Amino acid sequence: MNDVCSVFALFSVVLIGLFILAGSALAQTASPGELERAISALREDYARRGFRNHQLKTLEEDVETCLRLLDDDGVFRDLRQQEAGFREDGSYEIASHAKQRKLEHISAISWNRIWKIADHFRGKPADDEPEARRKLLRAIAHYADWETSRPDGRFRFHISCFATPTAAGNTYFALMPLMEAVEAGHETDREAVAAYDGLRAVAMQAWTQPRREDETDKNPVQIERFRHHVWWVGGNGLTYRPVFQIAVMLNRPDMIDVLVEVAHRSISTTTYNTWDTAFWEEGMTIDGLGWGHGRQSLVFGYPFDGTNAALAIIMQLRGTPWERPLPEEAVGWLMNLLRGTSWAWYRDYLPPMFDRYNMSYEQSTQPRDHKGKRLAEFLLRSFDESLSDEQRQELIWYARSAAKGGQFTDDPPVPDQYTGVRYFWNNDLLAVKNRRWHLLVNMSSARTHGLESAYPFAAGFNFFTTDGQAMFQRSGNAHGRALGASDLTQLPGITAREEVQPLQPVTNWNGYPSKHPLAGGVASGDDGCAGFVFEKINAHTDSADFEGEANPGIYGVVAAKSYFVLGDTVVALGAGIRDKHFRRFGGRIRTSVEQTLWSDDVTVTDGTGSRVIAYTDRPEPFQFEADLSGSSAETLQVHHDGFTYAVLPEQTGDRVELSLERRDADWNRLSDVNTKTSTPAAENMLQISIDHGENPKNASYGYVVRFDESRREIAQDQMPVVLANTPEVQAVASPDGRTMQAVFFSERARLDAGGWEVSVSAPAVVMLQATDTGWRITASDPLQLPEPPPLKVTVTHQAGGETRSGQATLDLPQMPWAGSQAQQEIVLR
């Protein structure tokens, strides 16, 4: 281990030790009476109001129906035959996912009914409806045995650790006078004692199920129980499991000790290089976004849910011996998360690339619940004393901005944190945001995972979501609305094989990233660039071995891809495009320039002059092709919805296809969740594709996208200059030559164009911006080495027989900031 890794690991160990000592100190300094009174107050609160009552609303049956179905022996009449059948055929005792999934619904239904009936008795006299109460006690004992006697295994996830403990805890608190009488030994009735024991056993499953098959199974009440396992971090660890409420129910100060430590330490960050040493490998990433279910951008699920639950635990323990202030560093990380995630939203919509429900019609087309707004309001309401004046004002602005459109572009307190260009190096994401338009480019690398598919209950077709998908938008939801009618092998910005056979939906919890480690970017003001080497693998198996997979044709396409932002103009380049599996699968390889809703008149310029091709009020189907392989081929420009798309013939040399049509929409195919709502049968669609043909050999492309509502053609003197487009280096310069951007895929590459020569000592993403005295160089390490060597950037300019040169040596950020950018100014002499 290198010195930096060693120091960071040692620091983590010391920090963990200090937290453990702090927790122990609490237990030592607080008297048993103080701890007892603190827990008693929490118990009384839950006895009055319960917790997670919204979950009970999913049970459509009313309490009268539940009681009517409950027989005298505590068995629900409509479940009796199923229970007996599973017992008789041996299914109940078989430790298999298939068998246990069939019978776990009995636990889910029965325990929600028990909760419903118990809630009916909350706060009522103990002698109220004695026969119904007696049946309830029998039901608790019966279904506690049904649930806790089942075999252990991975199948005990969700129902056993989330649902039934929540129902058991609420049932306990609804019946707390009786339960406390049993605890005190004042109530010895056999059925009451059996119900008490059953509730405790089911509730404890929040801490025990599913088994991790490690040392923490012997003693789940420890900090390590909540680390290094997808079931026990983020939302899965603190939010969906009612671990805090069950600790209170069980009257366990030692459990609360553990949860205090977990809550405080979870408000921290993770990175690729600190994956093994960070407190949570999922959660807030140091670049301002977040990971969930491994290293994938489930930003607004597990990371936010886990953070909110941690803060809720900290807040609920105020005024108790467990109270501890929120450290300044933790507030800083929370601000970092809010600032970073604001780049994903646009006009109250979340583009369909951050969530496994991204192919849900309602989530893709309706304004989303803004978790950032809720977190900002939570901090203002409950942690005001931990905020500086500047943070307080920023959070007020943040909550107000989220409430009125979610763009976060109107007079932000810290402008460069909310508008312009930003690169998120832990998530391989390039973002552009301003008042007028928005762009997200979702790349991938061997360091990250793709976006999961979880068919049938969530999206089943996230095969290409992180292949360089580039969403240009103004409305915020055009790409989401288009998904039902989209060709999924042509998501905008990606290079992929056409659908040679119908894609099959899958469940893949890790998605499909690139096998290559190179992905990086830089940003400064309104300029920035990023690039990656793409070749798809299955992150679940960490390979491209497609034998036995449902969709083998998604593999085999290789490309070096990059994106360059110069104000309102974006250049996309690709090179080295080839098909490794042409003999096996065939099919054309295509790059999608755009695929979105046809929502505006379309104008095409192909060298013969501008003309309106299609009107939205008269949506006649239209097909257009342009062959860019000839030496005299003109730049093809298409204008739609404020964006002009210009395909560059000198970089492309292939056929370009424009399609305007009304296309059938099949939302039900994407996810079963769409069968529960009304979805459109068809959509008007615009698609621009570059056809590289079958079995391309080192094919390339280049296109420009400019935001300009005037519909003016991009004149030649306004076009960025492509300096290089090869598998080794891709680079552009602004029309005035004052900005140069390059992605060096190899340290052997040299950029040589127009009298300029630029070389680097290692693979790098580099941007040069002219200053009054020279050049400002912004660079990053796209390999994210934990301790990258200094990067040498050499710049030479020849003009009028004079040669001027300069060299900058940039000390690149090291872990945990490896992958972020460094800047330095040089003067050519």
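Treat the numbers as computed from the prediction; the structure is a model and nothing was measured.
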For this session: Write down the atom of His438, the atom of Pro351, and the distance for their closest heavy-atom approach.
Result: CE1-CG, 4.4 Å
Exercise. Has the side chain of Gln469 got a donor or acceptor atom that lies under 3.5 Å from a matching backbone atom of Thr465?
Worked result: yes
For this session: Say whether, by atom type as modelled, one donor and one acceptor occur between the side chain of Ser592 and the main chain of Gln490 under 3.5 angstrom.
Result: yes
For this session: For Ser734 and Asp736, test the side chains for any donor-to-acceptor distance below 3.5 angstrom and give the result as yes or no.
Result: yes
Problem set entry | Nearest non-hydrogen partners of Val414 and Arg339, listed with the distance | CG2-NH2, 3.5 Å
Exercise. For residues Gln623 and Ser659, is any side-chain donor paired with an opposing acceptor at under 3.5 Å?
Worked result: yes
For this session: Could you check if a side-chain atom of Asp287 sits within less than 4.5 angstrom of a side-chain atom of Tyr423, using non-hydrogen atoms only?
Result: no
Exercise. Aromatic ring centroids of Tyr418 and Trp397 under 6.0 Å?
Worked result: yes
Exercise. For residues Gln823 and Thr778, is any side-chain donor paired with an opposing acceptor at under 3.5 Å?
Worked result: yes
Exercise. CH2/Trp343 to CG/Leu440 distance, rounded to the nearest 0.5 angstrom?
Worked result: 10.0 Å
Exercise. Are the side chain of Glu713 and the backbone of Gln637 linked by a donor-acceptor contact shorter than 3.5 Å?
Worked result: no
Problem set entry | CA sep, side-chain torsions, deciding dist, call: Asn695, Lys697, side chain to side chain contact (heavy atoms under 4.5 Å, CB included) | CA-CA 7 Å; Asn695 199 21; Lys697 305 292 186 182; 3.6 Å; yes
Problem set entry | Name of the residue among Asp487, Asp691, Asp654 meeting side-chain hydrogen bond (donor to acceptor under 3.5 Å, both in side chains) with Arg590 | Asp487
For this session: For Arg474 and Arg347, work out which heavy atoms get closest and say how close.
Result: O-NE, 2.6 Å
Exercise. Going through the distances and angles, do Val729 and Phe745 end up as a side chain to side chain contact (heavy atoms under 4.5 Å, CB included)?
Worked result: CA-CA 6 Å; Val729 59; Phe745 298 98; 5.6 Å; no
Problem set entry | Modelled atom types, side-chain donor and acceptor of Ser761 and Glu747, under 3.5 Å | no
For this session: Check the pair Glu728 / Arg748 against side chain to side chain contact (heavy atoms under 4.5 Å, CB included), numbers first and verdict last.
Result: CA-CA 8 Å; Glu728 289 75 39; Arg748 295 184 299 274; over 6 Å; no
Exercise. For the residue pair Gln730 and Leu573, what are the closest heavy atoms and their distance?
Worked result: OE1-O, 3.7 Å
Exercise. Can any side-chain N or O of Arg447 pair as donor or acceptor with the backbone N or O of Pro517 at less than 3.5 Å?
Worked result: yes
Problem set entry | Mutual orientation of the aromatic rings belonging to His797 and Trp756 [parallel < 30°, tilted 30-60°, perpendicular > 60°] | parallel
For this session: Please work out which of the three classes, parallel, tilted or perpendicular, describes the rings of Phe472 and Phe643, given edges at 30° and 60°.
Result: perpendicular
Exercise. Got a sec: does the NZ of Lys433 have more than 12 other heavy atoms crowding it under 6.0 Å?
Worked result: yes
Problem set entry | Neighbour count >12 (heavy atoms, 6.0 Å) for atom CZ, Arg776 | yes
Problem set entry | Donor-acceptor pair, side chain of Arg588 and main chain of Glu498, under 3.5 angstrom | no
For this session: Mind telling me whether Tyr398 and Phe408 have parallel, tilted or perpendicular rings, with 30° and 60° as the class edges?
Result: tilted
Exercise. Within the side chain of Thr652, is there an N or O that forms a donor-acceptor pair under 3.5 Å with the backbone of Leu648?
Worked result: yes
Exercise. Which pair of heavy atoms, one from Asn725 and one from Ala575, lies closest together, and at what distance?
Worked result: OD1-CB, 3.5 Å
Exercise. Taking the side chain as C-beta and beyond, is there a heavy-atom pair between Met284 and Thr270 under 4.5 Å?
Worked result: no
Exercise. What do the steps show when you test Arg436 against Glu709 for salt bridge (charged side-chain N to carboxylate O under 4.0 Å, His left out), and what is the final call?
Worked result: CA-CA 10 Å; Arg436 295 166 295 116; Glu709 295 178 277; over 6 Å; no
Exercise. Between Asp708 and Arg712, is there a donor-acceptor pair closer than 3.5 Å when you use the side chain of the first and the backbone of the second?
Worked result: no
Exercise. Run the side chain to side chain contact (heavy atoms under 4.5 Å, CB included) check on Arg422 and Gln417 step by step: do they pass?
Worked result: CA-CA 8 Å; Arg422 185 160 169 178; Gln417 294 290 338; 3.3 Å; yes
For this session: Check Leu429, Leu451, Thr466, Asn427 against Ser444 for a side chain to side chain contact (heavy atoms under 4.5 Å, CB included) and give me the one that passes.
Result: Thr466
Problem set entry | Under 3.5 Å: donor-acceptor pair, side chain of Asp526, backbone of Gly567 | no
Problem set entry | Minimal non-hydrogen separation, Ala724 against Leu751, with atom names | CB-CD1, 3.7 Å
Exercise. Do Lys536 side-chain atoms and Asp467 backbone N/O form a donor-acceptor pair below 3.5 Å?
Worked result: no
For this session: Would you check if there is a donor-acceptor pair between the side chains of Asp428 and Ser445 at a distance under 3.5 Å?
Result: yes
Problem set entry | Neighbour count >12 (heavy atoms, 6.0 Å) for atom CZ, Arg829 | no
For this session: Indicate whether any N or O donor in one side chain lies under 3.5 Å from an N or O acceptor in the other, for Gln784 and Tyr272.
Result: no
For this session: Examine distances only and state if a side-chain atom of Thr771 and a backbone atom of Gly774 form a donor-acceptor pair shorter than 3.5 Å.
Result: yes
